[in-house]
Amino acid sequence: MSIKYLVKTSQYFDSVSLMNIARDVRTLDSIDDAALVMGTDANKSLLQQVSALTAEAEAASPTDLILMVKGEADALDDALALAEKLLTQRPTSTHGETHRPRTLRSAVRAQPDTNLAVISVAGAYAVAEAWNALQRGLHVLLFSDNVPIEDEIALKQYAVEHGLLMMGPGAGTAIINGAALGFANVVPAGPVGIVSAAGTGLQEVSTILTREGVGITQGIGVGGRDLSDEVGGLMMIHAIRALQTDPATEVIAAISKVPSAAVSEKVIDQLVEDEKPAVVIFMGAGELPDSPASTVHFANTLEEAALTAAALVKGIDAAAVQDRLAAQRESLRAQAGELAGRLRPSQKYLRGLFSGGTLCEEAMRIWSARLGDIWSNGPLKPELRLPDSNKSYRHCALDLGEEEFTVGRPHPMIDNDLRIRRLLQEAADPEVAVIQLDVVLGYGAYPDPASELGPAIREAREIAARDGRDLLVIGALTGTEGDPQNLSRQARAFESAGIVVASSNAAASALAVMILTADA
Amino acid sequence: MGSSADPLSSFFGKPLAVVNVGLAAFAESMEEQNIAVVDVDWQPPPADVPRLVRTKSGVMIDEANAEAVRRIMSGRPAIVGLGVARDVIPGMTDNMILHAGPPITWERMCGPTRGAVMGALVYEGLAETPEDSAAMVERGEIVFDPCHHHHAVGPMAGVVSPSMPVWIVENLEYGNRAYCTLNEGLGKVLRYGAYGEEVYKRLHWMADDLYPTLADAVELSGPIDLRGMIAQALHMGDECHNRNRAGTSLLLRALGPSLARTCADQERLAQVIEFIDKNDHFFLNLSMPAGKAMLEPAERIEGSTIITVMARNGTDFGIRLAGDPDRWFIAPAGVVEGLYLPGFTAEDANPDIGDSTITETAGFGGFAMAAAPAIASFIGGTAQDAINTTREMYEICFAEHEHFSIPALEFRGTPVGMDVRLIRETGILPKLNTGIAHKTPGIGMVGAGVLRAPEQCFIDAFEAVKSW
């Protein structure tokens, strides 16, 4: 057993770092003990107890560093070298990263100007977190589903009383103060304020507005149940009121499935309370009601709603929108005639594979106006529910974002697998004439949908081609040039994969119908 | 309708500052858009931990806790003098030895506390040898009591015997006083359980030379503000528990003029200054009673779940709550994950010991680790680790200190007021830095390290709160 000392003059290190290094040196095989200490009297007397100090160590001052290693003679130099190396090495963090707050409470402490909480934990915990946020005076975007309706009502009542936004439960899309939250697109600031009980509805309207050169003030998602009789449109009315007093908002757009007459009336009453023009789309309404005031305009489709809002912003007569849509129909009809010629007589059915529930519903409404019954896993009429969602039947539209498809797997906006498999399945069906898709871009959505769906569409069309058929695939992209995926790039990629890209979901749906009903 | 007071209309157009609770992808897309977002590291709350809002007797706990931390933060501890333990510590008697942590019998006492007791009795002249001391104790001639039962605190073994000189710290805001011995330095010292001639000699010098010199100086200077001194030390790299280099320097500066004016004996004055200068922890025995003096006014606030005492005796770890300050909740003292002095290993270590965790309890010490990057090696090595430690402790503290702040955290207040509810809700246990004593009586310090407080005492305290 040997001992070796080394003294480094005028080198200060804190004692804990030194003890750490000593510990590391002690782990060497042939080393029994190691010490790195500043040359204070107390430290020197400690070393003295281990072994006699050398003259040099004895003479060390409190600002000199003493290194001592004890062990097999031929290992001592290496041990000292290791100690010296460790002295110059910067420590590395054991945790690697910054501490993240564990609770909403401490997150707000860490960021005192917090004004919004985005909550997406499981429904069972979501209510407590939403209360926690509201009671701290935060606006809330509650993405989570499976929240009891009594809780939704209580949360929204509290929010209304305290001037807060309670978006959701089940609100996947919002654009607040220019920020895209959840599944939302990059849209410019502008004068349209949108309130929506339908996530993809908000995305479709805000992106079409963008393509029209019109931006938005807010895109407030209120959750799919807000206009139910139980909730009574609490948050939609609250949000409309706020947009009415918001000086930046010039035109208001309200989007929902058609509510009951009572709730509809409350929403309309709120809209006519102010002179700001408004566009309302209540999807599924049979006949559009007469407008209660010249400022309130009803629309049939999301595209019409967006174009009407854009016209109102630009000071164009809303009637001009109808002319424009008529012109669009003409050109779609010409396109349809051409496409229909590629089909064989046995190809007679439409199939829709949608990732957005609202887009699926809009397509079904447009289709059914000319084609009658449309079967679905979320049908317009209960008797048209598919007995087995895995098997298509006649004209048929699937909302692949429905829970039956998403249990244990990501939403089809994020993961294309399910839709690709279904696409290939439909391609093998000789009776299928047209497949319609929606492609939702923006934050939250798959980073490059064309890279996966494109090859799948090619393969689907090859399957049909081997059978001597031409399979038509029509799609519409919900997105903007500013989206991370970039609208034009995606559209080009889909077109080169053989998909017919329409200007909107409504246009795609109309085109599909026209193809099937075109005169041969 | 839509008045200017409506938070909703005033919210429109403002920059968003978001807290994300749930899917990390949402936080990532907000970061891509350069939106200020804090992504919560969310975990489901433990199923058996209800949110306690109101006591059975009807007290709103948050309100009680707000009052408790208000009193803690508004305390103004100051050195008002020095005295001899038997003369100044309330309830101290000639046959009494005070010790750190919760109450304990000689039979269950750990090695270092026994060593300190034996050494103290020899120092007092009550016993000839440590062996005589043990025999005296076994004959029942000595009464043991926790420092905390006498408004006192003691580092490590925390032994206070009747003739030891002590600091007298008064909370000028509330009038209560706290006491602590003078720090002996490191190495072979009584508070680490060492005894022997070297130890007695130093204690005698402290009583005969150091004490009167300091007492005279303080008498001349008048009260010396400790809250301000701790606040400054936190800005100078101390956390005032395991680093006291700045605090010690500040104290010496504050005492300097009156020391020079009151001590005619130049050599003794030089020795006093040398002693303080060579002992970086001299200020610890002031930061501790300062913490104690700040915490006591929070005691007996009905319904408060703030922890006002957290202390160890080397065998047990104990806490007390502001709402029921006479009751200890106790669990076995933990094993320290340590770094060792030359010649010692983990085999030699005694479990966690000392009242010095009063500093964390009062809102500094290890909880202010972000202020003391120089000793970051304790908790991992980097300044980021130090910051993470403080950030984690915010999770279990009710408030942020109005007077103690951390430059590296944009002068955010230190975490103050451990709330037993938050400890249970988050599952985060207080993180402690500490010295390590040899488990055998008579040896002393062997290292330093870090550990978490034992969970059981917080579970028991939380259960007790349920029945308040």
Side-chain angles (χ1 to χ4, degrees), chain A residues 14 16-17 19-20 22-23 33 35 37 40 42 45-47 49-50 68 91-95 98-104 106-111 113-121 125 129 137 139 143 162-165 176-177 179-182 217-218 241-242 244-246 248 443-444, chain B residues 1-2 5-9 11-23 25-26 29-30 32-33 35-36 38-45 51 185-188 278 339-343 374-382 384-385 387-388 391-392 394-395 400 425-426 428 447-448:
Chain A
D14 76 90
V16 189
S17 297
M19 283 197 279
N20 263 313
R23 180 188 56 188
D33 201 357
V37 291
T40 62
S45 77
L46 262 173
L47 286 176
Q49 290 167 26
V50 180
M68 183 278 294
T92 50
S93 170
T94 49
H95 307 1
T98 320
H99 170 81
R100 283 165 56 203
R102 283 275 297 277
T103 58
L104 188 134
S106 61
V108 172
R109 280 260 187 86
Q111 181 179 265
D113 58 346
T114 298
N115 46 22
L116 174 74
V118 176
I119 299 169
S120 54
V121 295
Y125 304 108
E129 296 295 343
H139 304 280
F143 180 77
H162 292 81
L164 296 169
L165 286 176
I176 302 297
N177 297 349
L181 305 172
T217 50
Q218 307 292 340
R241 192 180 295 148
Q244 286 171 335
T245 60
D246 172 33
Y443 285 109
Chain B
M1 177 183 311
D6 185 320
L8 192 42
S9 38
F11 167 59
F12 287 160
K14 273 202 185 146
L16 282 194
V18 183
V19 167
N20 184 55
V21 186
L23 299 171
F26 288 170
S29 68
M30 286 182 257
E32 271 180 56
Q33 299 173 71
I35 298 164
V38 176
D39 190 20
V40 173
D41 185 11
W42 189 85
Q43 281 155 30
R51 177 126 192 78
L186 287 174
K188 208 164 154 55
K278 279 189 175 167
L339 297 167
Y340 293 91
L341 298 172
I375 56 163
S377 324
F378 258 122
I379 38 82
T382 66
Q384 185 63 51
D385 291 324
I387 286 171
N388 286 353
R391 288 220 171 112
E392 191 187 22
Y394 281 119
E395 308 275 355
E400 296 176 12
E425 283 168 23
T426 61
I428 295 172

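Because only heavy atoms are used, hydrogens play no part in the values below, and waters and symmetry mates are left out as well, while side chains stay in. Letters A, B, ... are given to chains in the order of the sequence lines, protein chains preceding strands, and every chain is numbered from 1. All figures in this text were calculated on a predicted structure; none of them were measured in a lab.
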Fill in: Contact winner vs chain B - A:Leu165, A:Thr217, A:Asn177, A:Ile119, heavy-atom pairs under 4.5 Å
A:Asn177

Practice prompt. Please work out which of the three classes, parallel, tilted or perpendicular, describes the rings of B:Phe26 and A:Phe143, given edges at 30° and 60°.
Written response: perpendicular

Worksheet entry | Structural part of B:Ile35 lying under 4.5 Å from a heavy atom of chain A | side chain

Fill in: Toward chain B, the part of A:Thr103 with a non-hydrogen atom under 4.5 Å
both

Worksheet item: Just checking, is any N or O donor in the side chain of B:Glu392 or B:Asn388 under 3.5 Å from an acceptor N or O on the other one?
Response: no

Practice prompt. Tell me, for A:Leu104 versus chain B, whether the close heavy atoms (under 4.5 Å) come from the side chain, the backbone, both or neither.
Written response: both

Practice prompt. Would you mind checking which part of A:Leu47 comes under 4.5 Å of any heavy atom in chain B, side chain (CB onward), backbone (N, CA, C, O), both or neither?
Written response: side chain

Worksheet entry | Side-chain heavy atoms of A:His99 within contact of B:Asp41, under 4.5 Å | no

Worksheet item: With respect to chain B, which residue among A:Thr40, A:Leu181, A:Asp33, A:Val37 yields the maximal number of heavy-atom pairs within a distance under 4.5 Å?
Response: A:Asp33

Worksheet item: A:Asn20 and A:Arg23: side-chain donor and acceptor closer than 3.5 Å?
Response: yes

Fill in: Contact leader toward chain B among A:Ser45, A:Ala180, A:Ala179, A:Gly444, where contacts are heavy-atom pairs under 4.5 Å
A:Ala180

Practice prompt. Measure distances from A:Ala110 to the heavy atoms of chain B and classify the residue's part below 4.5 Å as side chain, backbone, both or neither.
Written response: both

Discussion item. If I measure from the heavy atoms of chain A, does B:Lys14 come under 4.5 Å with its side chain, its backbone, both, or neither?
Written reply: both

Worksheet item: Measuring heavy-atom distances to chain B, does A:Asp113 have an atom under 4.5 Å in its side chain, in its backbone, in both, or in neither?
Response: both

Worksheet item: What's the shortest heavy-atom distance between B:Thr382 and B:Ala376, and which atoms?
Response: O-CB, 3.3 Å

Item to complete: Could you look at B:Ala374 and say if it's the side chain, the backbone, both or neither that has a heavy atom under 4.5 Å from chain A?
Response: backbone

Discussion item. Taking the side chain as everything from C-beta on, heavy atoms only, tell me whether A:Ile176 gets closer than 4.5 Å to B:Leu16.
Written reply: yes

Worksheet item: Would a distance-only check, ignoring hydrogens and angles, find a side-chain to backbone donor-acceptor pair under 3.5 Å from A:Asn115 to B:Pro15?
Response: yes

Discussion item. I'd like to verify something: which residue of A:Ala22, A:Ser120, A:Ser106 has the highest number of heavy-atom pairs under 4.5 Å with chain B?
Written reply: A:Ser120

Item to complete: Measure the shortest side-chain to side-chain distance between B:Met30 and A:Val118 over non-hydrogen atoms and say whether it is less than 4.5 angstrom.
Response: yes

Discussion item. Whether the side chain of A:Gln111 engages the backbone of B:Val18 through a donor-acceptor N/O pair (distance < 3.5 Å, no angle test) should be reported.
Written reply: yes

Worksheet item: What residue in A:Asp246, A:Val121, A:Val108 has the most heavy-atom pairs under 4.5 Å with chain B?
Response: A:Val121

